[in-house]
Amino acid sequence: TPLYSSAASDVYKRQVYAFVRPVEEHDLPDGTLSVRHRFVHVLYQNALYQELQGTRRVQLATQVASALETRYGGRATEVAADLAVLWETARTPAKSSGYFAVGAMRAGEKFAYTESAELASRGLAQIALLPDGEAKTTLEIGLRVSLGFTNVVTRGFHAPETFEQMHRAHELSKASGNTPQLIPVLWGMVVYHIASGQFIRAYEYAEQMIDIADAAGDVMLQSTASSALSGAAFFRGRLPLSRESQARAEALTTPAMRAGIQAIVGSDPLLLSRCQAGRAHWMAGDIAGARAIFDRMLADVRVSKDPRERAHGALHVAEFELAADRPDEALRVAAEALHVCEEYGVASERLWTAAYLGRAKIAVGELDAGIATLEATVGALTMFRCLASVSEYQGFLAEGYLEAGRVSDARQAVDEGLGNASSTGEIVWIPELHRIRAHVLRAEGAERSAVAAELQRALTAADQLGAQLIVQRVTRDLAALGD
């Protein structure tokens, strides 16, 4: 009877809703009305799931995944993470691995880096179940690149985990014979080797990118390769090449293309080239040119809202403000960048930013605090083998020690800086380090001729690089030495 049916329905609802609750009604992409439910407690969900036999789990997961694919159609990537888990449960690695790759990429785009890493790792586990072949190789390369760039943010550019993923992707790409596919992998190798202080190797990878991109005649690949060469060339002291490569990348890149490049390599190559070419401009004495580049870069970073990009851009602006003799502004920018790093767990940029914060503190008179910050930063970067610009920071520390009257500590810091620059191939900081060592010699009471000889070394090295800002500093020091 109707009364009985209604009563039975109420009993059923009470029984069901003791365990689950409706959350929301919504339309699926195909127009179907759906109601999402959630267990009132995860313990109920786990207990019910454990009672299901393996075959029943596979059957249910297959049915739900198939239904979602049908209902979402061409928009299935919107629920890629859900579909990945369902097809994983359904023991269909050919489908789950692809959805894990898409899910990892989408999570990274939303700055959900921990989720992105987890999805990529699960995708790699699914790929291991697939037979060897081109499809498996392509998926594995994509997942390893995705996981590598996630590690860049959460663990740092320099982390062994970053290299492990990029190196494996590089080996797979070479073996596959798909040469253009090497570009995003080589990009990862360039940034890893820069961050870990292997500047000669980074430059070699960047040159490989140029050769591959030019041979392919692909403008998108050429833009990415030019950005990579701009960054690698700066650290090798090839300032004109850094500026020229960045200008080429800028000329080749359209806004639409830039979004495509970011999707391929997991970051914005133009950001790196602007930061390094901006450094090349101010080091060459072109303060106005550097400011124009950094202003353009910051405008783009504000639009992107990517926390790592914001921090990476800001730390180079802080360095620039120090070079432009605006320590108060450098202090402000560095403090803001450090806050972003701490809020979002951005690893490498946090340490690099702290170095400029420490130098800015010394410049504004907070001598003890600045030295302490630099000591901690240089120590951490050295311990983690994140050696990019550490020679510069050791020069900062030597200057701080000199101001504090700690001459023997200054000598040790500047000598370590020069040794580090020579061993890693980070040539760009050598002229300034020789200039600082001349100041150390003078504080040690060395003969005027010894100080002048050290300044002459700095001048010669700066002339060879075209580092006119350093030339100007050394020229002033020589004039002061003669007074």
Between [Y] and [X], do the side chains contain a donor N or O and an acceptor N or O under 3.5 Å apart?
{"X": "Tyr401", "Y": "Arg411", "result": "no"}
{"X": "Ser389", "Y": "Arg279", "result": "yes"}
{"X": "Gln412", "Y": "Glu416", "result": "yes"}

When rounded to the nearest 0.5 angstrom, what distance separates [atom1] in [X] from [atom2] in [Y]?
{"X": "Glu204", "Y": "Arg201", "atom1": "CD", "atom2": "CZ", "result": "5.0 Å"}
{"X": "Thr424", "Y": "Ile194", "atom1": "OG1", "atom2": "CD1", "result": "11.5 Å"}
{"X": "Glu88", "Y": "Lys95", "atom1": "CD", "atom2": "NZ", "result": "15.0 Å"}
{"X": "Leu397", "Y": "Leu402", "atom1": "CG", "atom2": "CG", "result": "10.0 Å"}
{"X": "Gln246", "Y": "Cys275", "atom1": "CD", "atom2": "SG", "result": "10.0 Å"}
{"X": "Ile362", "Y": "Thr373", "atom1": "CD1", "atom2": "OG1", "result": "8.5 Å"}

Pair up each side-chain donor or acceptor in residues 284-301 with any protein partner under 3.5 Å, not counting sequence neighbours, and list the distances.
{"from": "Asp286", "atom 1": "OD1", "to": "Gly289", "atom 2": "N", "distance (Å)": "2.8"}
{"from": "Asp286", "atom 1": "OD2", "to": "His281", "atom 2": "ND1", "distance (Å)": "3.0"}
{"from": "Arg291", "atom 1": "NH1", "to": "Glu321", "atom 2": "OE2", "distance (Å)": "3.4"}
{"from": "Asp300", "atom 1": "OD2", "to": "Arg258", "atom 2": "NH1", "distance (Å)": "2.6"}
{"from": "Asp300", "atom 1": "OD2", "to": "Arg258", "atom 2": "NH2", "distance (Å)": "3.4"}
{"from": "Asp300", "atom 1": "OD2", "to": "Arg274", "atom 2": "NH1", "distance (Å)": "2.5"}

Return the minimal non-hydrogen interatomic distance between [X] and [Y], and the atom names on each side.
{"X": "Ser245", "Y": "Leu229", "value": "OG-CD2, 3.6 Å"}
{"X": "Leu322", "Y": "Ala360", "value": "CD2-CA, 3.9 Å"}
{"X": "Ala232", "Y": "Ala206", "value": "CB-CB, 4.1 Å"}
{"X": "Ala354", "Y": "Thr377", "value": "CB-OG1, 3.4 Å"}
{"X": "Gly395", "Y": "Ile436", "value": "O-CD1, 3.6 Å"}
{"X": "Val340", "Y": "Ala311", "value": "CG1-CB, 4.5 Å"}

Salt bridge (Lys or Arg N to Asp or Glu O under 4.0 Å) between Arg473 and Glu432, intermediate numbers included: CA-CA 9 Å; Arg473 291 175 179 176; Glu432 176 68 357; 3.1 Å; yes
| Passes side chain to side chain contact (heavy atoms under 4.5 Å, CB included), Cys386 versus Leu351? Steps please. | CA-CA 9 Å; Cys386 184; Leu351 291 172; 5.5 Å; no
Hits for side-chain contact (heavy atoms from CB on, under 4.5 Å) against Ala247, two or more places apart or cross-chain, chain-then-number order -> none
Result for side-chain hydrogen bond (donor to acceptor under 3.5 Å, both in side chains) between Glu454 and one of His439, Arg437, Arg442, Arg435 points to Arg437
query: Under 6.0 Å between ring centres, would you say that holds for Phe199 and His193?
result: no
Would you say the rings of Tyr356 and Tyr393 are close, in the sense that their centroids are separated by under 6.0 Å? yes
Going through the checks in order, is the side chain to side chain contact (heavy atoms under 4.5 Å, CB included) test met by Leu469 and Gln472? CA-CA 5 Å; Leu469 184 72; Gln472 294 165 13; 4.1 Å; yes
Quiz prompt | NZ/NE/NH1/NH2 to OD/OE distance under 4.0 Å, Arg406 and Glu375 | solution = yes
May I ask you to test the [X]-[Y] pair for a side-chain heavy-atom distance under 4.5 Å?
{"X": "Ser196", "Y": "Arg385", "result": "no"}
{"X": "Gln394", "Y": "Asp415", "result": "no"}
{"X": "Met257", "Y": "Ile261", "result": "yes"}
{"X": "Glu309", "Y": "Arg302", "result": "no"}
{"X": "His339", "Y": "Glu336", "result": "no"}
{"X": "Leu119", "Y": "Tyr99", "result": "no"}
{"X": "Leu418", "Y": "His434", "result": "yes"}
{"X": "Phe100", "Y": "Ser121", "result": "no"}

- Determine, stepwise, if the pair Ser230 / Leu272 fulfils side chain to side chain contact (heavy atoms under 4.5 Å, CB included). CA-CA 8 Å; Ser230 176; Leu272 175 70; over 6 Å; no
Ring pair (Phe, Tyr, Trp, His ring centres under 6.0 Å) filter on His316, not counting sequence neighbours, yields His312
Those residues at least two apart in sequence (or on a different chain) that pass ring pair (Phe, Tyr, Trp, His ring centres under 6.0 Å) with Phe234 are Trp429
Across all chains, not counting sequence neighbours, the side-chain hydrogen bond (donor to acceptor under 3.5 Å, both in side chains) partners of Glu366 are none
Of Met283, Glu244, Gln276, the one forming a side-chain contact (heavy atoms from CB on, under 4.5 Å) with Leu239 is Met283
Open item on the list: Using the rule given for side chain to side chain contact (heavy atoms under 4.5 Å, CB included), can you reason through Asp477 versus Leu481, listing the C-alpha separation, both sets of side-chain angles and the distance that settles it, and then say yes or no?
Closed with: CA-CA 6 Å; Asp477 290 344; Leu481 185 63; over 6 Å; no
Identify each donor-acceptor pair in which a side-chain atom of residues 214-225 lies under 3.5 Å from a protein atom, sequence neighbours left out, and give them as a table.
{"from": "Asp214", "atom 1": "OD1", "to": "Gln222", "atom 2": "NE2", "distance (Å)": "3.1"}
{"from": "Asp214", "atom 1": "OD1", "to": "Arg248", "atom 2": "NH2", "distance (Å)": "3.0"}
{"from": "Asp218", "atom 1": "OD1", "to": "Met220", "atom 2": "N", "distance (Å)": "2.9"}
{"from": "Asp218", "atom 1": "OD1", "to": "Leu221", "atom 2": "N", "distance (Å)": "3.1"}
{"from": "Ser223", "atom 1": "OG", "to": "Thr253", "atom 2": "OG1", "distance (Å)": "2.5"}
{"from": "Thr224", "atom 1": "OG1", "to": "Met220", "atom 2": "O", "distance (Å)": "3.0"}

